[in-house]
Amino acid sequence: MTLDELLHQMPKVELHCHLLGTVRRGTFTELVQRAGAPITGEEIAAFYTRGEKPVGVLRVLRALDAWLLRTPDDFHRLTYEYLQDAAAHHVRYAEFFWNPTGTAREGGLPYARALQGIRAAIADAGKALGITGRLVPAIDREASPRDAEEMVGWVLAERCDEVVGIGIDYREVDRPPELFAEAYRMARAGGLKTTAHAGEFGMPWTNVRTAVELLQVDRIDHGYTVVDAPDFARQCAERGIVFTVVPTNSYYLRTLPPERWALDHPIRRMPGLGLRVHPNTDDPTLHHVNPTGAWRMMVQDFGFDLPALRGFMANGLDAAWIDDGTRRAWRAEHLAAFDALCARHQAGAGQQA
């Protein structure tokens, strides 16, 4: 068994993926054509081209909100296709983000209507593919704190098993976590789990601290600049906070030279500070990555070995918003499967030697 085969077949959970960033190029093209949206074929090709210094993907996401996603069936299609693609890489459980504010304000589709399509797709994928999907509605931090509070109100008014918590994403620059403290208080009071993108765009480590101490999140998405504050990093390690990292994060690919990118990336340093990390795809079709590829990068780019990957698997299971009985069962099952795959891989390596 090759390393790639092992990484493909290992059972996975995914905790950091944006639904609108999973859209297949063919689906995006069809939606553009149906809507007659002002996006050319050349622009679509550019959206799906990731160069050595990748540009952001926000325009694709905003275009989906503004022009393309109009019905619950559209959301069913996106959700089912994402879960289908994830299941093909042995993802057994996926928590994925979606920003309802843009869908409602830009696209005119209320939260409850879009949720119908997402829930139906989760059920259909569970039956057909054996994957468990869970939705994490996310605050659009480029909107106002009042918009965030309104969005949390929508989620609390439409409680369902498929919605497990809230997050916050989009451009972090000039939009610190403390702006959204009331929305997070509402979510916690309503029994929702919480996470937050922080320290993603080179923003100061204090954003991570604010998310942990003021917003009281259960986990952190990205969080890379925490390495600039070793004392606080140790506190996060002692609290067992899991950081859902993204090997393909475009900020470090843009700002670090190619020969130093993997060597100087904070992901390489985080486990050495005792931090619990778990690799994810973020925007898989736009980042040109899949779940197998994200785990491969942890080995090939950041130098982690198989025992380290096993620990990252356990981190993901511990951070997943599932009940403790399911967690124990999946932990035993997933880690046993990983150990068996490692034994086959090592046996093959021994035969080659």
Side-chain angles (χ1 to χ4, degrees), residues 12-35 60-61 63-140 150-167 169 187 190-193 281 283-285 290-291 320-323 326 330:
K12 305 172 184 70
V13 301
E14 180 148 89
L15 306 178
H16 184 159
C17 185
H18 302 271
L19 179 61
L20 270 58
T22 72
V23 59
R24 296 171 180 173
R25 181 170 175 172
T27 299
F28 187 75
T29 301
E30 288 181 27
L31 292 172
V32 168
Q33 293 171 344
R34 183 191 70 180
V60 180
L61 308 184
L64 285 161
D65 273 338
W67 300 310
L68 307 184
L69 297 173
R70 286 291 180 267
T71 70
D73 285 345
D74 294 337
F75 277 91
H76 182 285
R77 179 177 181 178
L78 255 64
T79 302
Y80 190 89
E81 288 180 351
Y82 160 59
L83 293 173
Q84 185 178 52
D85 291 342
H89 288 269
H90 297 272
V91 173
R92 308 282 181 82
Y93 175 81
E95 294 174 9
F96 55 94
F97 296 109
W98 161 56
N99 299 84
T101 298
T103 299
R105 294 292 171 78
E106 299 295 329
L109 188 65
Y111 171 80
R113 292 273 289 147
L115 181 62
Q116 290 174 1
I118 294 171
R119 292 182 67 192
I122 287 172
D124 291 343
K127 293 175 184 175
L129 307 169
I131 184 172
T132 301
R134 290 293 180 261
L135 176 64
V136 182
I139 292 167
D140 181 345
E150 181 182 45
M151 189 279 284
V152 174
W154 296 340
V155 175
L156 294 175
E158 298 286 341
R159 288 304 300 270
C160 59
D161 291 342
E162 295 86 356
V163 177
V164 286
I166 67 157
D169 53 35
L192 295 169
K193 294 288 190 178
T281 60
D283 296 295
T285 57
N290 53 48
W321 292 338
I322 53 180
D323 66 84
T326 300
W330 284 359

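Here Asn290 pairs with nothing under the side chain to side chain donor-acceptor pair (under 3.5 Å) rule; sequence neighbours left out. Every residue two or more places apart in sequence or in another chain that forms a side chain to side chain donor-acceptor pair (under 3.5 Å) with Asp169 is listed here: His18, Asn99. In this view, Thr79 satisfies the side chain to side chain donor-acceptor pair (under 3.5 Å) rule with no residue, not counting sequence neighbours. Annotation: side chain to side chain contact (heavy atoms under 4.5 Å, CB included) contacts of Thr27 (sequence neighbours excluded): Val23, Arg24, Leu31, Arg77, Leu78, Glu81. Scanning for side chain to side chain contact (heavy atoms under 4.5 Å, CB included) contacts around Ala35 gives Ala37, Leu68, with sequence neighbours left out. Judged as a ring-ring contact (aromatic ring centres under 6.0 Å, His included), and not counting sequence neighbours, the contacts of Tyr93 are Trp330. When the salt bridge (Lys or Arg N to Asp or Glu O under 4.0 Å) test is applied to Glu14, no partner is found at least two apart in sequence or on another chain. Among residues two or more places apart in sequence or in another chain, the ring-ring contact (aromatic ring centres under 6.0 Å, His included) test is passed with Phe96 by Tyr82. Residues forming a ring-ring contact (aromatic ring centres under 6.0 Å, His included) with His76 (at least two apart in sequence, or on another chain): none. With sequence neighbours left out, Arg70 forms a salt bridge (Lys or Arg N to Asp or Glu O under 4.0 Å) with no residue at all.
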Distance-only check: which donor-acceptor pairs under 3.5 Å involve side-chain atoms of residues 152-167, not counting sequence neighbours?
from   : atom 1 : to     : atom 2 : distance (Å)
Arg159 : NH1    : Gly190 : O      : 2.7
Glu162 : OE1    : Arg119 : NE     : 2.9
Glu162 : OE1    : Arg119 : NH2    : 3.4

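Every pair tested for ring pair (Phe, Tyr, Trp, His ring centres under 6.0 Å) that includes a residue from residues 121-140 fails, sequence neighbours excluded, so the list is empty.
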